[in-house]
Amino acid sequence: MRIGLIGTGRIGAFHAATLVGLPAVSGIVVHDTDQRSARAIADRTGGEVAGDLDGLFGADLDGVVIASPTSTHAHLILAAHRAGLPTFCEKPVAGSLAETDAVLGALAGSDVPLHVGFQRRFDAGYQELREAVASGRLGWTHTLRACTADPTPPPPSYVPGSGGIFRDCSVHDYDIVRWVTGREVVEVYATGANRGEDFFAAADDVDTGVSVLTLDDGTLAVCTATRYNGAGYDVRLEVCGSKGSLVAGLTEHTPLTPAQSPARTAGTPYPGFMERFQDAYRAELTAFTELAAGLRTSPCTGHDARSALAVAEAATRSRLSGRPVRVETAVPAGSTGPR
Ligand SMILES: NC(=O)c1ccc[n+]([C@@H]2O[C@H](COP(=O)([O-])OP(=O)(O)OC[C@H]3O[C@@H](n4cnc5c(N)ncnc54)[C@H](O)[C@@H]3O)[C@@H](O)[C@H]2O)c1
């Protein structure tokens with residue numbers, strides 16, 4: 001099949017290389033408002049270049065992957081939908097809940113599928129956690145501890161447009177907590193701190209954030225995120241139940257040193273998310289080709305993405321108000337959304 005790719009920046013270039021390595025993909029057509037970037041990625045991957053969206057959508061495609069900045073997602077999802085193309089869009093659907101609802105409302109009733117990119121759902125560790133919870137072998141869950149830790153902060157210019165640490169980083173934890181447990185988040189209490197550089201506070205953001213989630217069955221989840229994890233990139237989830245506990249992301253690469261036990265020393269950490277989730281990104285895009293071929297339903301719908309964003313918005317409001325915030329779960333009437 002032929003896949004279009006919109007955006008050839010950091011994650012788009014990575015997806016281009018992954019797509020051309022998939023058995024189901026015979027070719028890619030790339031488009032970027034920065035034509036030199038599109039040309040460079042096309043040359044590197046043997047792809048074609050489309051100079052504009054009409055050229056892209058008219059290029060006999062079977063599906064489209066959107067990897068341009070968040071501010072462009074809503075418009076591009078709707079354009080791809082109008083062109084009748086199965087769509088993979090990097091998270092999020094849109095920067096705000098209101099805009100997300102507008103997109104989901106416009107897609108209501110459509111059978112053009114949408115798959116939103118929360119790649120942890122394709123990581124072997126998180127999949128094992130989900131299976132363990134569903135099978136009941138951990139008993140009833142009482143506590144989840146999630147960690148998303150970047151070794152160094154992003155460039156200062158990135159921070160004001162990032163949506164803040166809860167929308168930018170913890171949103172992956174919110175999605176995976178929902179997916180692993182099969183439960184909804186009903187309340188969030190969040191706080192944050194700035195002990196690093198000044199540009200986080202200048203953007204009304206924090207460099208470290210903690211959110212406490214209450215799930216609809218009473219399970220509590222603590223999600224921690226920081227931009228300054230000197231030990232290295234660290235993404236984990238511990239699920240603790242009445243019969244047992246299990247952790248995803250505790251491997252030979254985890255930059256965590258026990259204070260006492262000699263049984264384990266910190267490993268060489270992954271440099272970042274691309275290396276940590278390389279297999280998951282490949283499995284995710286493989287799933288998208290299956291979705292585009294009509295072989296499966298969407299593994300992460302627009303409504304899933306909305307639910308994770310609703311938690312992130314509640315966390316942001318909670319940090320600013322200093323109070324717990326109920327999560328806005330209402331979905332616009334009639335928007336059952338695409339599969
Ligand atoms: N799932 C994940 O793990 C993950 C990781 C990184 C980024 N992301 C998401 O991917 C998206 C892109 O992030 P990034 O870090 O690659 O950004 P980036 O800035 O590195 O790249 C964006 C690219 O899109 C191009 N572009 C801008 N406007 C465009 C438009 N209207 N049409 C076509 N191309 C356009 C830019 O020229 C640039 O090449 C963001 O929404 C981000 O949230 C997800």
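Numbering of ligands and ligand atoms starts at 1, following listing order. What you see is a predicted model; the values in this text were computed from it and never measured. We number each residue from 1, following the sequence as shown. All heavy atoms count here, side chains included; hydrogens, waters and symmetry mates do not.
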**Student:** With hydrogens left out, which residues have an atom under 4.0 Å from ligand 1, given that only heavy atoms count?
**Tutor:**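 Those residues closer than 4.0 Å to ligand 1 by some heavy atom are Ile6, Gly7, Thr8, Gly9, Arg10, Ile11, His31, Asp32, Thr33, Asp34, Ala67, Ser68, Pro69, Thr70, Thr72, His73, Glu90, Lys91, Gly117, Gln119, His172, Phe273, Tyr281.
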**Student:** Write down the atom of His81, the atom of Ser110, and the distance for their closest heavy-atom approach.
**Tutor:**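 Closest heavy-atom pair between His81 and Ser110: NE2-OG, 2.6 Å.
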**Student:** When you compare the side chain of Phe166 with that of Arg317, does any pair of heavy atoms fall below 4.5 Å?
**Tutor:**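 Sidechains of Phe166 and Arg317: no contact.
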**Student:** Distance alone, cut at 3.5 Å: any donor-acceptor contact between the side chains of Tyr174 and Ser211?
**Tutor:**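 Yes, side-chain donor-acceptor contact under 3.5 Å.
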**Student:** Do Phe273 and Tyr233 have ring centroids that are under 6.0 Å from one another?
**Tutor:**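 Judged by ring-centre distance (under 6.0 Å), Tyr233 and Phe273 do not meet the cut-off.
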**Student:** Does the pair Ser170 and Asp173 meet the rule for a side-chain hydrogen bond (donor to acceptor under 3.5 Å, both in side chains), with working shown?
**Tutor:** CA-CA 5 Å; Ser170 300; Asp173 293 310; 4.6 Å; no
**Student:** Between Asn194 and Asp207 (side chain of the first, backbone of the second, donor and acceptor by atom type, cut-off under 3.5 Å), is there such a pair?
**Tutor:**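 Yes; judged by distance alone, with no hydrogens or angles, the pair exists.
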